[in-house]
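Read the structure below first, then the notes.
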Number of protein chains: 2
Amino acid sequence: MSQTVDRALSILPLLAEGPADLGQVADRLGVHKSTALRLLRTLHEHGLVYRQSDQRYRLGARLFALAQEAMENLDVREIAHPHLVRLNESCGHTVHLAVYEENEVLYIDKVESRYPVRMYSRIGKPVAITVAAVAKLLLADLPEHERRAIAEKLDYPTYTSRSTPNAGAFLRELEKVREQGWATDLGGHEESINCVAAPVRGADGRVVAAMSVSAPNVVVTADELLTLLPLVRRTADAISGEYSGRTPVKGTE
Amino acid sequence: MSQTVDRALSILPLLAEGPADLGQVADRLGVHKSTALRLLRTLHEHGLVYRQSDQRYRLGARLFALAQEAMENLDVREIAHPHLVRLNESCGHTVHLAVYEENEVLYIDKVESRYPVRMYSRIGKPVAITVAAVAKLLLADLPEHERRAIAEKLDYPTYTSRSTPNAGAFLRELEKVREQGWATDLGGHEESINCVAAPVRGADGRVVAAMSVSAPNVVVTADELLTLLPLVRRTADAISGEYSGRTPVKGTE
DNA sequence: AGCGGTGTTGCATTTCTTGCAACATTCATT
DNA sequence: AATGAATGTTGCAAGAAATGCAACACCGCT
């Protein structure tokens, strides 16, 4: 834990909220202006921070480039993508791919619904961890004590009347998901949106990612969406096969 | 220039090349292992670095979330405004900035002409989507199927004899605009008004906004207006550069 | 010109980082 | 099983590097 670096890095999320000037940064860090200036300069030299024409600072292009590379290193995504597209082509709904990392579940890929009514979500955005179908799958695969530890620490926001209310309910849900090998979110995050999800497993059988199909009530009912479950599971299994090197990749020479 | 932060940040591009273990990081930084360890720990706490199961480090998903958040909070208008004003000062005509959103193209900023004869338009008002130069640029950047879907659904009002008559003509026009990287509206909306427009692009090259210069015939002919094209494009490029954080650093050392 | 706000620099102080060396841990080899 | 090598981790003393201060420079404003 290096104090200087810690302070410098604390600037990043702060600037992610929007541009800020030197004084604001210094205030929020609780340091002298000159200190903030020098930290910002260093960040600037590395391209992580950019100074716009009104002298205010914001996050810089380098960060985007790094993020890009970071994402490419998560190679599940690369392998999964064509499968997600194919699934979208056959059902038309929004398809998501998510991974668990450091107490968060993040969407790392998305294929947009071909229906006019779409669900809001963005790649890179943390998922509503207590209700999302993909989150349930990813957490359900963790060792029991870890699962418990996380469940205790989480907040359980009541997005809708069907949201997971507390740690106990969540752990029971995870147990169920773990056994059945798939998960749903029926209006737990947004009243009118349902999801079905299935896990992607690595060579060792551990869940490395989860994918889901989401659609609003106005397009298909929850029951209709559930009929897609076999297809979703088959897709997830295909990705697992390829990811774990079990299925040979075709057409590369 | 803070040495500690400088070293810590140097780790990021290094890890972008691929996962590395403590020793490798220390070597490439030219510091003692324990130093590298402490830097990595700090980066880890901020989620910028992730430790995979084989103990090696790689870039973390938080980078991604930060970049995403920054994108969402970026305000094109704020960045573009001073450029629009400068353009207006040098040519005197009305300058517009527009974005595409939900099947509509909206003006989000405007600098009034300094000539007595002005064109009518309002910020926040939907643009005549089938003829406006800015609309052409914004739609031309959408994926092919989406472009087609929208073109089919639109009405094609005959504002003037030069208005885009139907979906076919519109799609051909979009194709042309897409290739040449700029657009015009020569009397397509109001007989006596011409526009030249250029796109503003984000870091990923996608068109995030479009800007235009408009002037009535009575002030300048269409040909005269077209001579402004290079200036308009340069302005749009300057905005793009600043928006995407690409613009090189000025005079700080 | 004068004034408030903001950004920038030189310097003395002291905190925080650093490298070292010893220790812990994992894993392969005998 | 025991040994050894390779890698990761911690406590500590030395000193290098970050900090805050105060003074200065640079706007835009009235």
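Reminder, nothing fancy here: chain letters follow the sequence lines and each chain counts from 1. Because the structure is predicted, anything quoted here is derived from the model rather than measured.
Between B/K33 atom NZ and C/dG19 atom C1' the separation is 12 Å, expressed in whole Å. Rounding to whole angstrom units, CG of residue A/L37 and C1' of C/dT8 are separated by 6 Å. Atom CG of A/L39 is separated from atom P of C/dT17 by 11 Å (rounded to the nearest Å). For the pair B/D6 CG and D/dA18 C1', the interatomic distance rounds to 14 Å; values are reported in whole Å. Put simply, NE2 on B/H44 is 15 Å from C1' on D/dG8, counting in whole angstrom units. Residue B/D21 contributes atom CG, which lies 13 Å from atom P of D/dA6 at whole-angstrom precision. In this structure, the CG atom of A/D54 is 13 Å from the C1' atom of C/dG7, given to the nearest Å. Computed from coordinates, the A/L22 CG to C/dG7 P distance equals 5 Å when rounded to whole Å.
Side-chain proximity of A/R41 to the nucleotides C/dT9, C/dG19, D/dA17 is greatest for C/dT9. For A/R51, counting side-chain heavy atoms from C-beta on, the closest listed nucleotide (C/dT17, C/dG7, C/dC20) is C/dG7. Nearest to the side-chain atoms of B/T4 among the listed nucleotides D/dG20, D/dG8, C/dT18 stands C/dT18. Considering only side-chain atoms of B/H32, the nucleotide from D/dG8, D/dG20, C/dC20 that sits closest is C/dC20.
At the phosphate of D/dA18, OP1 or OP2 sits under 4.0 Å from a side-chain N or O atom of B/S2. In terms of phosphate contacts, B/R38 brings no side-chain nitrogen or oxygen within less than 4.0 Å of OP1 or OP2 of D/dT9. Listed pair B/S34 / D/dT9 fails the phosphate criterion, with no side-chain N or O lying under 4.0 Å from OP1 or OP2.
For the pair A/R56 and A/V5, nearest-nucleotide mapping onto DNA chain C gives the more 5' position to A/R56.
Here the side chains of B/H46 and B/R62 are not in contact, with every heavy-atom distance at 4.5 Å or above. Within the 4.5 Å cutoff, side-chain heavy atoms of A/Y156 are placed close to those of A/F170.
Nearest heavy atom pair, residue A/A133 against residue A/A183, reads O-CB, 3.6 Å. Of all heavy-atom pairs between A/V76 and A/A209, the closest is CG1-CB, 4.0 Å.
Just one residue in the list B/H96, B/R77, B/H81 forms a side chain to side chain donor-acceptor pair (under 3.5 Å) with B/D109, and that residue is B/H81.
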